[in-house]
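Each remark here refers to the structure printed beneath this line.
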Amino acid sequence: MDVALEEIEFLALSANRVEVLDALRKASLTRHELEAETDASQPTLGRILRDFTDRGWIEHDGNRYVATATGRLVAAAFTDLLETMETELKLRDVVEWLPTEEMDFDLRRLADATITVPTRTKPGAPVQRVLELLRESTHVQIFSHAFNEQSLDVVREQTVSGSQTFEGVFSPDALDAIAHDSTLRQRLEDLLDADAAEIRLHDEPIPLAVTITDDVVHLLLRDEDGLLRAALDTDDDAVLSWARDMHEQYWQAASPLDASDLH
């Protein structure tokens with residue numbers, strides 16, 4: 001174990017080493033090509049190539065270098081670890097609010113996600129992010145335990161005008177709050193009357209607040225007290241596939257909502 005950790009430390013302590021090994025697992029390169037690929041100086045490359053050769057991680061034929069089988073193994077594993085750590089660092093401050101028990105995709109698919117958190121000057125930033133996505137999209141799907149007033153207004157405006165189609169499935173609590181407010185209830189009835197919109201009611205609670213705007217998945221993240229902590233959105237294919245599958249499951253298990261159900 002100690003020797004293995006020493007080798008990991010050897011590689012991790014130099015970004016140049018990581019870049020050189022990763023470059024050589026992908027292609028056979030000369031020292032000049034490596035210099036251009038990694039921005040490492042020729043003296044630095046000389047030391048790295050000697051160290052890698054001593055470990056059997058690379059070999060050379062004339063003036064070209066390439067990773068060996070074990071070199072490719074090390075490079076691939078280290079790149080995976082690096083990507084995992086980069087994702088963990090990004091999610092560290094919001095992971096406690098992520099509905100990970102419902103998310104059956106690799107969390108590394110969230111590496112490029114946009115995370116929006118409330119600030120003193122912009123306490124509503126997470127909601128504003130989803131409103132921005134709603135205004136820009138032509139097809140919206142939602143499955144959620146909540147339907148806030150601002151999202152309702154944007155979806156209503158977009159669907160009634162014919163610029164957007166909408167498929168929403170909600171748990172009872174989400175619509176109860178709207179039904180008990182006469183103004184919001186009228187806006188929801190307007191949405192129900194729109195040809196481009198359909199809303200369904202799920203009998204059981206929905207433990208998520210997910211919006212799919214065209215090809216972007218957006219999650220509102222709340223703590224155990226229901227306080228909005230962050231928003232996360234991504235266009236990753238695996239996350240999009242998960243969200244669409246989940247929407248379909250809730251959609252098929254729900255019943256169409258009628259305006260009479262609101263009274």
Side-chain angles (χ1 to χ4, degrees), residues 1-96 98-116 212 214-219 221 230-246:
M1 174 68 78
D2 289 344
V3 175
L5 288 175
E6 288 174 3
E7 291 298 274
I8 292 171
E9 183 180 31
F10 161 78
L11 193 55
L13 285 176
S14 169
N16 284 328
R17 290 174 188 154
V18 176
E19 291 179 359
V20 169
L21 190 58
D22 190 53
L24 292 178
R25 80 174 171 121
K26 297 173 181 177
S28 171
L29 301 170
T30 66
R31 285 179 59 151
H32 287 295
E33 289 171 337
L34 275 170
E35 184 178 18
E37 184 82 13
T38 65
D39 290 329
S41 67
Q42 282 297 323
T44 297
L45 279 174
R47 290 192 297 271
I48 291 173
L49 294 173
R50 285 193 298 273
D51 287 338
F52 284 178
T53 300
D54 290 344
R55 285 169 169 78
W57 291 355
I58 65 171
E59 58 190 8
H60 61 92
D61 180 12
N63 65 344
R64 304 192 72 83
Y65 295 83
V66 68
T68 63
T70 53
R72 292 193 298 272
L73 178 66
V74 170
F78 198 87
T79 298
D80 284 346
L81 176 60
L82 188 62
E83 291 175 352
T84 297
M85 293 308 301
E86 288 172 347
T87 303
E88 190 279 331
L89 287 169
K90 184 167 192 172
L91 298 178
R92 182 174 294 180
D93 292 337
V94 301
V95 68
E96 64 181 298
L98 276 175
T100 52
E101 66 280 359
E102 305 289 339
M103 300 161 65
D104 61 357
F105 55 84
D106 190 327
L107 287 183
R108 284 177 294 184
R109 305 305 297 238
L110 298 177
D112 296 326
T114 297
I115 296 175
T116 308
I212 309 168
D214 293 332
D215 295 327
V216 177
V217 179
H218 180 281
L219 293 90
L221 308 180
L232 181 151
D233 60 84
T234 177
D235 60 359
D236 179 84
D237 289 343
V239 182
L240 181 61
S241 177
W242 164 80
R244 286 175 171 163
D245 287 346
M246 291 293 292

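All residue numbers refer to positions in the sequence shown, counting from 1.
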Nearest 0.5 Å, please: how far is [atom2] in [Y] from [atom1] in [X]?
X	Y	atom1	atom2	result
His32	Glu37	NE2	CD	15.0 Å
Asp112	Asp235	CG	CG	8.0 Å
Ser28	His60	OG	NE2	11.5 Å
Asp80	Met85	CG	CE	13.5 Å
Thr100	Asp104	OG1	CG	11.5 Å
Leu107	Glu88	CG	CD	10.5 Å

Backbone N/O of [Y] and side chain of [X]: donor-acceptor pair under 3.5 Å:
X	Y	result
Arg108	Thr84	no
Glu33	Thr30	yes
Asp61	Arg64	no
Trp242	Asp237	no
Arg72	Arg25	no
Thr68	Trp57	yes

Should Leu24 and Glu59 be marked as a side-chain contact (heavy atoms from CB on, under 4.5 Å) after you check the CA-CA gap, both sets of side-chain angles, and the distance that decides it? CA-CA 10 Å; Leu24 292 178; Glu59 58 190 8; over 6 Å; no

To check you understand the geometry: which heavy-atom pair defines the closest contact between [X] and [Y], and what is its length?
X	Y	value
Leu82	Val18	CD2-CG1, 4.4 Å
Val239	Val217	O-CG2, 3.9 Å
Ala27	Val66	O-CG2, 4.1 Å
Thr38	Asn16	O-OD1, 4.2 Å
Lys90	Ile115	O-CD1, 3.4 Å

If we only count heavy atoms from C-beta on, is the [X] to [Y] side-chain gap below 4.5 Å?
X	Y	answer
Thr234	Thr114	no
Thr53	Arg50	no
Leu232	Leu91	yes
Leu221	Pro99	yes
Leu29	Tyr65	no
Ile212	His218	no
Leu110	Phe105	yes
Leu45	Gln42	yes

Taking 4.0 angstrom as the limit, do Glu35 and Arg31 come out as a salt bridge? no

Pair Arg109 + Asp106, salt bridge at N-O below 4.0 Å: no

Classify the ring geometry between Phe52 and Phe10 as parallel (under 30°), tilted (30 to 60°) or perpendicular (over 60°). perpendicular

Evaluate Leu34 against Leu49 for side-chain contact (heavy atoms from CB on, under 4.5 Å), listing each step before the verdict. CA-CA 10 Å; Leu34 275 170; Leu49 294 173; 4.0 Å; yes

Using a cut-off of 6.0 Å, state whether more than 12 heavy atoms not belonging to Asp214 lie near its atom CG. yes

Between Asp22 and Arg17, does the salt bridge (Lys or Arg N to Asp or Glu O under 4.0 Å) criterion hold? Intermediate values first, please. CA-CA 8 Å; Asp22 190 53; Arg17 290 174 188 154; over 6 Å; no

